[in-house]
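A short write-up of the structure that comes next.
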Amino acid sequence: MKRMFRGWTWEATLAVLILLCAAWATSLSPFYLDPDQILYSLQQALAVAGLLAGGLMMIVIAGEIDISLPATLAMGTIVFARMAEAGLPLWLALPTVILLGVCAGLVNGLLVVGFGLPSLAVTLGTMSAYRALALWFGGQEGHADFPASYIWLGSATLFGALPLSLLLLAAIFALLALVLHGTVFGRLLYMIGANPVAMRFSGIRVGAVKVAAFAAAGGITGLAALVYVGQFESARADNAGEILLFVVAAVTLGGIDVFGGRGHVAGVFLALLLLGTIKNGMGLANLPGPVQTLILGALLVGSVAIPQLARLRLRPRRGAANPDAAGVPRPAVPPHGAREEKT
Amino acid sequence: MSATAAPRSDRLVFAMLQGRVFGVAAFLVLLCLGFGTASRNFLTVSNANTIALNGAILVVVACAEAIVVITRNYDLSVGSVVALSSYVGLDVVRRYPEAGPILILAPVLIGTACGAFNGFLVAVCRLPSVIATLGTMSIFRGLAFLYAGGHQIDPKDLPPWVAATVGGHVLGLSALVLLGFAIAVLAALGLRYLSVGREIYAIGSNPDAAPFYGLRSERISFRAYLICGTLTGLAGFLFGGRVSYVVPYLAQGLELTALAAVVLGGISVLGGSGSVFGAALGALTIATIENGLILLGASEFVRQFIYGAIIVLAVITDAVVQQRVRVLLKARRQRVRAA
Amino acid sequence: MTDETQLRRLAHRMDRRAWLKLALGTGLSLPAVAALLESSGIAVADTGLRIFMVPKFTGFIFFELARAGGEQACKELGATLTYVGTTTADVEGQVQVLQNLLPQKPDGIVIAALDINAPVPALRQARNRGAIVVTFDSDVAEAGRDVFVNMAPFEVQAKAMLDSALANAPDGGKAVWVAPTPTVANFISQKKAIDAVIASDPKYQSIQFVDTLYANDDPDKSYSVGTSAMQANPDLKLFISGSGISTPAINKAIMDTGRQGKVFATGFALPSTMKTYLDNGTCRQFALWSPYKFGYMATYMSAMVKAKKISDKPGETVDVPTIGKRTIEATSIVNLNSMLFFTKEHPDFDNAVSANI
């Protein structure tokens, strides 16, 4: 039993924090501890952001980043809107949008891999480009009046209480867990993130794997666009304008090392629950906006710092200045000269 | 190594350094030519001055961010530090208008304090820098809003020396542009010749080897964040002073722009390489793009699309130029060895 | 037992201690948070109506003034006002704020919406549970609200800005429209109204718009955009903006580039920010309504409709204290219609000139 839980310290910490924050939320507001309320709030906070976090997770594990996912989402919602207005059925629209997401991811991936470009810069550029496309295709004004079939996924509940979109999120995360931890592709993602140079010499098609990760994330984002449309019953070119922060926080808080090669799906799921719980609790208590911002930042920092400080009290001093989220210094990396190729 | 190889390898190193910056510089020139042909108002002294002024503060922030990135860390809190140092610092100025320019220390010190906090989290608590600075981004922004309490600082609240300092001219050149240039030069020289600078490159380049050389990487990354905070605090004063209108929600998204400038400037996000000049040029490139797009007179969608496309093109150009330089260096090295 | 195992067990215990510390810390911080809540003035009321005001984003002085007006209205009516919102213009965040209001069963929601459609599902639920929803500044689709309080009909807003423009530059000239982003609905409506007014009224035909620029309600961006626009159009005469943040910033840009008297930036702005520019002549006139009265009126409407003292149907005339009689028009829109002009001689809310448009 102990062996199974070894290495799960980070996830365990998150789980404890979720319970603590739920307790804190209960003390802040009498409205919190209601199953309907909790499910509804989690659905609204996590259904879309969680899917994006799932997609981003794959990319970060491979050692890259993609900040254009929210812009891809906006393109998706606009295309749904246009297709709904044209009277096209959902079974035609959904694959189209997912394909659109995949293509957007492919563009990112091919640019990063084909030219060896830093993914932060590339996706910063494509983010603007995709937003521009959403603006061009969708216009300045918002779209509404979606048919019931489009709205169903994002708003329906099972047994009147369990939101379908949360189930979808859980299913996608289960799928991601299977892919990342049970397939060769998943293993390759981890290895590429941990040691790209060694992978290059091993004969594995590093580029293809990375492009696939970008494409998959784009596809998941297309699905997230449908959930968005269902939740808000609206689409506009500036959708998901501020969601990136939450998504990146969820991924890094979930234990995914931003330099790649480490992290577990469960961690990200738990981090999403933690952030969603905190926001819900603070919102119900009507805390002023700046106070919420402050507390969220403090909790983000504190929840990582306190266990870290405790752990460091014992461990003999090591030189590494950039340990990963679990507090273990990274394995030795090849000298800088070898890494130079990558940039 | 033969006796003749040493001076040649020095020149090679120099060429390599220049190569990193050469890519950005080349792209900037191409960009200016492109905009110049598209709009007749672009290639004028007046417009160049406008670009320099608009980009000067971003240059300072980009240099600050570059120093942190070179140590293989991120600082996502620069926007919030600018807002906090700008608001609180200029509020101090508002309260003591007689004290004069010495109060520029107020925003600078606040920025340094913020940098120290970031450094504490990353170096002492060993937090991953993304989490730490994502958190401090929210913390500092929240503090700025709470301090402001729903108010703002109006132009009438600030004493005239603020606008005079930021908008003034020295020897006919704008003080702001000179300041941006001075900071870029000082940062570049400091990183090259001061031991702190060398150490910053060292731990960014190979953090695991650093302790074997006797380098305390915690101390060095702390110092890097400290310097970054100081420069960002100064940028806060400049932001607030230039427009003379300070609100707690200013500079949102500045961190992304700063990172864009840094990456455009050829600094690797893996740390350990790149020149602060590159970051400064990257900042100027972004200012040029923003200015050029307005001069084009196209619709907003076209502007946004071209902005994204240019960023991608800039990075491609840099990568291609890097590749060329590397090939040339390899050829040279082989020639030296054959000789 | 090896040293390593001992160390590991010790580490485990230390982790447990760390969690204990965290729990203690959280527990000890609860009173601090409670104190913070008290000092922010968010106490649950015992009597009267509970009204929640949701701005576009908090910390923005327009909405802080509206909040003060709303609190005054609540004080006079024996109700309580709670002010909630996000710190950025976050569409999804604002909807989450509304969702967090639902379990609290508000009597009234007064909201300046960031998106016409996105808040509607949540607002619909709120209305189903008995809340009266009043939108102000930015409307939502009719299904989501009971009344929309506009500052003035868009045509009046347009004329106010254009009149101010002509007061600065009587011969008109080339103009640039400045807005936060392309998708903010009330700015789109303002621009449409401006174009319609220019097309139909010969008085304004000397004003020709050459571009629309976006400055994200950021002072520095507005400044940079202003300087670049002046480079792009050397004969530019006017910047017109409904954004109170862009106008003063561009005035500074005009001052710094020595173009006072040649280029003017006007539109809507707060008097405190513009005082300097009125005094030194960079700007001769701008317009605004009173955000304080705006918040007062919106909150007043919400409370009165909830208390069934007035109806929200078109045709109903409401006598709003300190503002006057206002009639609810078609689609349940009512206008504050207290547009003011500010000039050097009339630079504050107290002495501004009423714009009789």
Side-chain angles (χ1 to χ4, degrees), chain A residues 9 12-13 16-17 20-21 23-24 27-29 31-32 34 36-37 40-41 44-45 48-49 135 140-145 155 228 231-243 279-280 282-293 295 302-303 306-307 309-311 313-315, chain C residues 7-8 10-12 14-15 17-19 21-23 25-27 29-30 33-34 36-37 40-42 44 52 55 57-59 82-93 95-97 99-105 114-122 141 143 181-185 188:
Chain A
T9 333
T13 317
V16 169
L17 282 172
L20 283 174
C21 283
W24 183 54
S27 74
L28 276 183
S29 166
F31 299 108
Y32 178 75
D34 174 55
D36 280 334
Q37 191 285 125
Y40 179 60
S41 151
Q44 300 295 333
V48 173
L135 185 65
Q140 292 180 317
E141 315 199 6
H143 303 261
D145 302 319
S155 61
Y228 187 100
Q231 265 188 27
F232 297 100
E233 295 178 30
S234 89
R236 202 168 72 174
D238 66 343
N239 287 154
E242 302 283 329
I243 213 176
K279 288 186 94 176
N280 186 204
M282 294 195 295
L284 281 176
N286 300 321
L287 292 185
V291 173
Q292 289 195 33
T293 309
I295 292 182
S303 58
I306 294 176
L309 272 175
R311 208 170 284 122
R313 286 266 200 88
L314 316 169
R315 187 153 276 147
Chain C
L7 258 175
R8 215 177 284 154
L10 203 62
H12 215 60
M14 283 302 284
D15 282 330
R17 249 189 250 168
W19 295 341
K21 273 189 213 163
L22 186 64
T26 317
S29 67
L30 286 178
V33 176
L36 201 65
L37 288 172
S40 330
I42 313 168
V44 179
F52 291 80
F57 54 98
T58 61
T82 311
Y83 188 71
V84 283
T86 53
T87 49
T88 55
D90 181 0
V91 171
E92 295 88 27
V95 177
Q96 278 181 31
V97 168
Q99 281 145 8
N100 282 321
L101 293 184
L102 291 176
Q104 305 184 55
K105 298 216 179 40
L114 285 165
D115 185 304
I116 287 190
N117 299 307
V120 171
T181 70
T183 47
V184 181
I188 297 176

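Naming convention: chains lettered A, B, ... in sequence-line order (proteins, then strands); numbering from 1 in each chain.
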Residue part contacting chain C, namely of A:E233, when any heavy atom lies under 4.5 Å: both
Honestly, the part of A:L135 sitting under 4.5 Å from a heavy atom of chain C is side chain
Which heavy-atom pair separates C:I188 from C:P182 by the least distance, and what is that distance? CD1-O, 3.5 Å
Quick check: are there more than 12 heavy atoms from other residues, nucleotides or ligands sitting under 6.0 Å from CG of A:D145? no
Tell me, side chain or backbone of C:A89 under 4.5 Å from chain A's heavy atoms, or both, or neither? backbone
Contact leader toward chain A among C:V91, C:T58, C:T87, where contacts are heavy-atom pairs under 4.5 Å: C:T87
Contacting moiety of C:T183, where chain A heavy atoms sit under 4.5 Å: both
Among side-chain atoms of C:N117 and A:S234, is any donor-acceptor pair under 3.5 angstrom? no
Any idea which of C:I116, C:D115, C:L102 has the most non-hydrogen atom pairs under 4.5 angstrom with chain A? C:D115
Hey, which of C:V95, C:V97, C:V120, C:L101 has the most heavy atom pairs under 4.5 Å with chain A? C:V95
Chain A heavy atoms under 4.5 Å from C:F52: which part of the residue, side chain, backbone, both or neither? side chain
Is it the case that A:Q44 and A:N280 place a side-chain donor and acceptor less than 3.5 Å from each other? no
Segment of A:Y228 engaging chain C (4.5 angstrom heavy-atom cut-off): side chain
Is there a donor-acceptor pair under 3.5 Å between the side chain of C:Q99 and the backbone N or O of C:A122? no
Between the side chain of A:D238 and the main-chain N/O of A:G241, is any donor-acceptor distance below 3.5 Å? no
Set of residues satisfying side-chain hydrogen bond (donor to acceptor under 3.5 Å, both in side chains) with respect to C:T86, sequence neighbours excluded: none
Is it the backbone or the side chain of C:Q96 that comes under 4.5 Å from a heavy atom of chain A, or both, or neither? side chain
